[in-house]
There are 2 protein chains.
Amino acid sequence: MSLRKEILKVGKRMLLDEGISNISMRKIAGEIDVSATSIYLHFRNKNHLIYTLIEESVEELNRLIRDIANTDRDPLAKMESIARTYVAFGLDRPQEYEVIFMLHPEEIPRYPKKKFRKAREGYELLAEVIREGVDKGEMKEENPLKAAYAIWAQLHGIVSVVVNRRLDTRISVNEFINHAIAHLIRGIQINSHPQVTI
Amino acid sequence: MSLRKEILKVGKRMLLDEGISNISMRKIAGEIDVSATSIYLHFRNKNHLIYTLIEESVEELNRLIRDIANTDRDPLAKMESIARTYVAFGLDRPQEYEVIFMLHPEEIPRYPKKKFRKAREGYELLAEVIREGVDKGEMKEENPLKAAYAIWAQLHGIVSVVVNRRLDTRISVNEFINHAIAHLIRGIQINSHPQVTI
DNA sequence: TATGCTACTTAACAGTGTTAACCTTGTGTG
DNA sequence: CACACAAGGTTAACACTGTTAAGTAGCATA
């Protein structure tokens, strides 16, 4: 196995086991029995290594969502399924989730635009489901992309509150998720637009 | 001025100017012209210092929300106002916001419970507004506290998406916020509950 | 055989949080 | 007045961190 692949393997394991704040170049290198500076022959710096580490996690999440978006269930059901899948991913794999959605991209200014676009694929897929819902008369929405971002924000909020332990102990996590997703669906469903004065 | 207060003053300025990841004990101490270890005579460690730093920010945000909650406007208007205030706070003061709502609390296991309760005051206030809305027939909600957390999650998501630069450049920040808050209000408003099958 | 490249190493820089041990200064007490 | 003691600082050190510069084996080619 090439050193590059070995670095990625050990790095990924460390990310999952110990979290982003407990990863270090020296620890990764030490586990492979190589000097820490060798990593710099294969990755520009730590940030690039970590972004490479989670690249396939991003693709995995996208694939999960794409598979739901491409079924022929009705749009509202798809949206709920996407929402649950997203939240489940965030809760199952908080370490990767944190890197994917909580890190500031200005920390890696040279990150290729192509990869940023990949990270945005989920929004596009959700927007497509909303367009479909509007066409089929299940949803009301003038700007599906904007709505997709609003819903995404909501999902991110749900994950954050749970992962960062901001939820009141009186409330069960599952009940909270069900409630929040129901709330989310209500926000876009048709018949739910009385006179709103914003 | 006592050294403790001076540490807090300089620390706060550094937090606002340079962000949490660019604060260091030595830098704070250096600016006051004192040794770094002196800080440990006044704060248990760096985490405790930082949490003390943002304590008054938490109180400020609570006060803003409390002032809205205590007016006699109708509950829906109050909720929108609280939502806008929360988002504005997060965008105006991202460095403090990050510490308040994005840091993992397990990093300070000895943090007094009283202070955690203070950080939760916002949820309680929002829950109270929802209860009021239900009583006045403006909102429909079985569990106001749970709903308050769902809405809070949504607000946190809105702030996160913008602050972490995850918003598509085709979408203006203001439009997005307006949209997301409208979406949020729709989720709890009465007449917006057709047959949802979750 | 000599050159040059590839993939690595060692040493070092400049920083980090934190602890242990020491010292100075002001105050209260015998 | 002399002594003890505590408060509030200090210096030195430990064990880390990311990153760069310079040096070095081993191998392929001219």
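Note on naming: letters A, B, ... go to the chains in the order of the sequence lines (proteins, then strands), and numbering restarts at 1 for each one. Since the model is a prediction, treat every value here as computed from it, not as a measurement.
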Undergrad: Starting at CG of Asn22(A) and ending at C1' of dG17(C), how long is that distance when rounded to a whole Å?
TA: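 After rounding, the gap between these two atoms is 14 Å.
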Undergrad: May I ask you to list the residues of residues 35-43 of chain A, by number, that have any heavy atom positioned under 4.0 Å from an atom of DNA chain C?
TA: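 Of all residues in residues 35-43 of chain A, the ones placing a heavy atom under 4.0 Å from DNA chain C are Ser35(A), Thr37(A), Ser38(A), Leu41(A), His42(A).
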Undergrad: So do the side chains of Leu15(B) and Ile54(B) get within less than 4.5 Å of each other, counting heavy atoms only?
TA: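 Yes; the side chains approach each other to less than 4.5 Å.
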Undergrad: Any base atoms under 4.0 Å from Leu49(B), or only sugar-phosphate, or nothing? Heavy atoms, all strands.
TA: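 Result for Leu49(B) = nothing.
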Undergrad: Once rounded to the nearest 0.5 Å, what's the spacing between atom CD1 of Ile32(A) and atom CD of Glu6(A)?
TA: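 So the CD1 of Ile32(A) and the CD of Glu6(A) are separated by 5.0 Å.
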Undergrad: Please determine whether a side-chain nitrogen or oxygen atom of Ser24(A) lies at a distance below 4.0 Å from atom OP1 or OP2 of dC16(D).
TA: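 No, Ser24(A) has no side-chain N/O under 4.0 Å of OP1/OP2 on dC16(D).
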Undergrad: Just the rounded figure in Å: distance from P of dA14(C) to NZ of Lys27(B).
TA: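 So the two atoms are 16 Å apart, to the nearest Å.
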Undergrad: Using salt bridge (Lys or Arg N to Asp or Glu O under 4.0 Å) as the criterion, list what pairs up with Asp74(A), not counting sequence neighbours.
TA: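 For Asp74(A) there are no salt bridge (Lys or Arg N to Asp or Glu O under 4.0 Å) partners, ignoring immediate neighbours.
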Undergrad: Spell out, as yes or no, whether a donor-acceptor pair under 3.5 Å connects the side chain of Arg186(A) to the backbone of Gly187(B).
TA: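 Here the side-chain-to-backbone pair exists.
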Undergrad: In whole angstroms, how far is the P atom of dG9(D) from the CD1 atom of Ile32(B)?
TA: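 Taking CD1 of Ile32(B) and P of dG9(D), I get 10 Å after rounding.
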Undergrad: May I ask you to say whether Glu128(B) pairs ionically with Arg131(B), meaning some side-chain N is under 4.0 Å from a carboxylate O?
TA: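 Salt bridge between Glu128(B) and Arg131(B), a charged N being under 4.0 Å from a carboxylate O: yes.
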Undergrad: Any side-chain donor paired with an acceptor under 3.5 Å for Arg84(B) and Asn178(B)?
TA: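 Yes, because at least one side-chain N or O of Arg84(B) sits under 3.5 Å from a partner of the opposite role on Asn178(B).
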Undergrad: May I ask you to verify whether the side chain of Arg26(B) and the base of dG17(C) hold a donor-acceptor pair under 3.5 Å?
TA: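 Yes.
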Undergrad: Between N or O atoms, less than 3.5 Å apart, protein on one side and nucleotides 23-28 of chain D on the other: list the pairs.
TA:
none

Undergrad: Can you list every pair that meets ring-ring contact (aromatic ring centres under 6.0 Å, His included) and has a residue in residues 56-93 of chain B, with sequence neighbours left out?
TA: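 As it turns out, the ring-ring contact (aromatic ring centres under 6.0 Å, His included) pairs with a partner in residues 56-93 of chain B, which skip direct neighbours, are Tyr86(B)-Tyr97(B), Tyr86(B)-Phe101(B), Tyr86(B)-Trp152(B).
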Undergrad: Report the C-alpha separation of Ile151(A) and Met79(A) in whole Å, then their side-chain angles, then the decisive distance to 0.1 Å, and conclude whether the side-chain contact (heavy atoms from CB on, under 4.5 Å) test is met.
TA: CA-CA 10 Å; Ile151(A) 287 168; Met79(A) 186 142 98; 3.7 Å; yes
Undergrad: My understanding is that only residues two or more places apart in sequence, or in another chain, count here; which of them pass side chain to side chain contact (heavy atoms under 4.5 Å, CB included) with Arg4(A)?
TA: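 Arg4(A): side chain to side chain contact (heavy atoms under 4.5 Å, CB included) contacts with Ser2(A), Leu8(A), His42(A), Phe43(A), Thr52(A).
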Undergrad: For nucleotides 24-27 of chain C, list the nitrogen or oxygen atoms of the protein found under 3.5 Å from its nitrogen or oxygen atoms, one pair per line.
TA:
none

Undergrad: What is the distance, rounded to the nearest whole Å, between atom NZ of Lys46(A) and atom P of dT16(C)?
TA: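 Those two atoms, NZ and P, are 15 Å apart.
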Undergrad: Tell me, please, which residues at least two apart from Lys27(A) pass salt bridge (Lys or Arg N to Asp or Glu O under 4.0 Å).
TA: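 Residues passing salt bridge (Lys or Arg N to Asp or Glu O under 4.0 Å) with Lys27(A): Glu18(A).
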Undergrad: Could you state the CG-P distance from Asp33(A) to dC8(C), rounded to the nearest angstrom?
TA: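 Rounding to the nearest Å, CG of Asp33(A) and P of dC8(C) are 13 Å apart.
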Undergrad: Between atom CZ of Arg44(A) and atom CG of Leu49(A), what is the distance when rounded to the nearest 0.5 Å?
TA: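 One gets 13.0 Å once the value is rounded to the nearest 0.5 Å.
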Undergrad: List for me each residue that meets side-chain hydrogen bond (donor to acceptor under 3.5 Å, both in side chains) alongside Asp17(B), sequence neighbours excluded, and say none if there are none.
TA: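 Listed in chain order: Arg13(B).
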Undergrad: Go through residues 2-19 of chain A and report each residue with a non-hydrogen atom lying under 4.0 Å from DNA chain D, sorted by number.
TA: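 Of all residues in residues 2-19 of chain A, none places a heavy atom under 4.0 Å from DNA chain D.
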Undergrad: With sequence neighbours left out, what residues match Glu132(B) under salt bridge (Lys or Arg N to Asp or Glu O under 4.0 Å)?
TA: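 Partners of Glu132(B) by the salt bridge (Lys or Arg N to Asp or Glu O under 4.0 Å) criterion, ordered by chain and then number, come out as Lys78(B), Lys136(B).
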Undergrad: Please examine the side chains of Ile177(B) and Val173(B), heavy atoms only from C-beta on, and report whether any two atoms are closer than 4.5 Å.
TA: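 Val173(B) vs Ile177(B): side chains touch.
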Undergrad: List for me each residue that meets salt bridge (Lys or Arg N to Asp or Glu O under 4.0 Å) alongside Arg93(A), sequence neighbours excluded, and say none if there are none.
TA: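 Once residues adjacent in sequence are excluded, the partners of Arg93(A) under the salt bridge (Lys or Arg N to Asp or Glu O under 4.0 Å) criterion are Glu60(A), Glu96(A).
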Undergrad: Just report the end-to-end axis angle for the helix from dT1(C)-dA30(D) to dG30(C)-dC1(D), five pairs per end, to 10 degrees.
TA: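 About 30°, once rounded to a multiple of 10°.
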Undergrad: When you check the gap from the basic side-chain N to the acidic O, do Arg170(B) and Glu124(A) get nearer than 4.0 Å?
TA: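 Salt bridge: yes.
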